[in-house]
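Working notes, beginning with the structure itself.
Throughout, a chain's letter reflects where its sequence line sits, starting with A, and its residues are numbered from 1.
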2 protein chains.
Amino acid sequence: MKALKIPEATITRLSIYSRFLKRLDKKGITTVSSGDIAEGVGVSPAQVRKDLAYFGEFGTRGVGYNVKDLIRYTVKILGLSEPWNLVMVGAGNLGSALVTYREFKDRGFSIVGVFDNDLTKIGKRIADLEVLPLEEMPEMVKEYNVRIGIIAVPSKAAQDIADIMIKSGLEALLNFAPISLNVPDYVEVRNVDLSVKLEILTFNLALREK
Amino acid sequence: MKALKIPEATITRLSIYSRFLKRLDKKGITTVSSGDIAEGVGVSPAQVRKDLAYFGEFGTRGVGYNVKDLIRYTVKILGLSEPWNLVMVGAGNLGSALVTYREFKDRGFSIVGVFDNDLTKIGKRIADLEVLPLEEMPEMVKEYNVRIGIIAVPSKAAQDIADIMIKSGLEALLNFAPISLNVPDYVEVRNVDLSVKLEILTFNLALREK
DNA sequence: TAGATTGTTAATCGATTAACAATC
DNA sequence: TAGATTGTTAATCGATTAACAATC
């Protein structure tokens, strides 16, 4: 049992619901309906209930969901009950931005090491981290129990860096380079493409002209 | 006719194909099959052909696609034949990274103005741009024919900034704040959420434990 | 109780894939 | 011609939505 396949879109939305709920909680709101959540994040109420139903029964019929409880449940489902240590390769502008990115901290992510193979960058400081040579990654991965790595290097270098990160013991990669990485089956990869969404906008605007 | 609805996933992939093809072109490769593209970006060959079929017949049976031609077609479809000027609000770390982001330039995007309402940031320089007060946005939007704006401010400020950007004449927003924006129907919005993909990774890793 | 809202099933909708005729 | 690969249709697959019984 529990062989039920969960759509990745459901996980994506769960992450969005979870953060929306935290904002409600901050405002002192204690109860929400699926309709409230739906309106807040721009999906249908049925969608919200269906997404939650994959994981259990969290609401009360006739009443709705307790905000604090639902935050706890969504955080648990997403694997965020415990904090995660991350390492990152690439000490460029994007890398620097990610190290100080507030949203990561808020969700329990902590970048514990920044690496680069550019000698001019090694030794530099980004926030309170010293940029380290790649050779030191395996040690840090082991010491800080790191399972996830962020790739913030140019496309050309991304595959080589991915190989090194995997050899260092990482099981999951968040890749900001706009290329498709080849990795062993046990390694999870997700790409964040900063340019694709922009091109969806240009596509839509270009259509308007006609 | 031509009322055929095109899936947004198709546009997303087209953007990815387009950039993959440019890399092939740089390597001097002149012809590709749908299978080559599929393998290069991690989808099925049928998917590639179907995606292209929404827009025309670009290949030669028994041969494949001419790389340079297909680049031209995909670029045209995505509305990227002409360069786009962008404005951005938010001169923080993320904003700074985006101004210098190579991938944007490569695809014909140019950030022509950076704005902030933080007095300590106004007047500062990011790359070769001076950070300007929001009041100057309408003028710049008009002068540079800007239609798309980037939101790189904290979540709290995002809705207010979006309202101002729309009033300044923008028709499309690329939103890096992890909240759902309320905008008029004619305004296109896409969110880039840096944290969601990371939470898909933690979800998957957390599943492994069991 | 009456009103509200969940949890869940079945119906609908849409996207992906398989398969093959067309054709280079 | 034989082999290869496209363009396209039909079949499959999967996700969303509508609807309603359950129940607070």
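- Heavy-atom minimum distance, A/Ala177 versus A/Val153: CB-O, 3.8 Å.
- Every residue was checked against the side chain to side chain donor-acceptor pair (under 3.5 Å) condition with B/Arg102, not counting sequence neighbours, and none meets it.
- Within a 6.0 Å radius of CD in A/Glu39, no more than 12 heavy atoms belonging to other residues, nucleotides or ligands are found.
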What do the steps show when you test A/Tyr17 against A/Asp51 for side-chain hydrogen bond (donor to acceptor under 3.5 Å, both in side chains), and what is the final call?
-> CA-CA 10 Å; A/Tyr17 303 159; A/Asp51 286 335; 2.6 Å; yes

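- Between B/Ser96 and A/Asn93, every side-chain heavy-atom pair lies at or beyond the 4.5 Å cut-off.
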I would like to know whether A/Ser34 and A/Arg49 meet side-chain hydrogen bond (donor to acceptor under 3.5 Å, both in side chains); could you show each step before the answer?
-> CA-CA 6 Å; A/Ser34 56; A/Arg49 297 201 297 279; 3.0 Å; yes

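- Listed by chain and residue number, nothing satisfies the side chain to side chain donor-acceptor pair (under 3.5 Å) test with B/Asp160 (two or more places apart in sequence, or in another chain).
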Output, in order, the C-alpha distance, side-chain angles, deciding distance and verdict of side-chain hydrogen bond (donor to acceptor under 3.5 Å, both in side chains) for B/Asp36 and B/Ser33.
-> CA-CA 5 Å; B/Asp36 297 334; B/Ser33 67; 3.2 Å; yes

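- We find that A/Asp193 and B/Arg19 are joined by a salt bridge, their nearest charged nitrogen and carboxylate oxygen being less than 4.0 Å apart.
- In this structure the side chain of B/Arg190 reaches within 4.5 angstrom of the side chain of B/Glu8, judged on heavy atoms.
- We find that A/Arg72 and A/Asp69 are joined by a salt bridge, their nearest charged nitrogen and carboxylate oxygen being less than 4.0 Å apart.
- Within the 4.5 Å cutoff, the side chain of A/Arg23 has no heavy atoms near those of the B/Lys156 side chain.
- Both key distances under 3.5 Å define a Watson-Crick or G-U pair, and stretches of 3 or more such consecutive pairs in DNA chain D run C:3-24 with D:3-24.
- Atom CG in B/Leu52 sits roughly 13 Å away from atom C1' in D/dT5 (whole-Å rounding).
- For the segment residues 62-79 of chain B, residues with any heavy atom less than 4.0 angstrom from an atom of DNA chain D are, sorted by number, B/Gly62, B/Val63, B/Gly64, B/Tyr65.
- Remark: C1' of C/dC24 and CZ of B/Arg61 are 9 Å apart, rounded to the nearest angstrom.
- Remark: A/Lys50 is positioned above the aromatic ring of A/Tyr54, its terminal NZ or CZ atom under 6.0 angstrom from the ring centre and at most 45 degrees off the axis.
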Could you write nucleotides 11-19 of chain C as a row of B, S and -, 5' to 3', where a protein heavy atom under 4.0 Å of any base atom gives B, of only sugar-phosphate atoms gives S, and otherwise -?
-> ----SSBBB

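- Residues of residues 21-38 of chain B that place a heavy atom closer than 4.0 Å to DNA chain D, in numerical order, are B/Ser33, B/Ser34.
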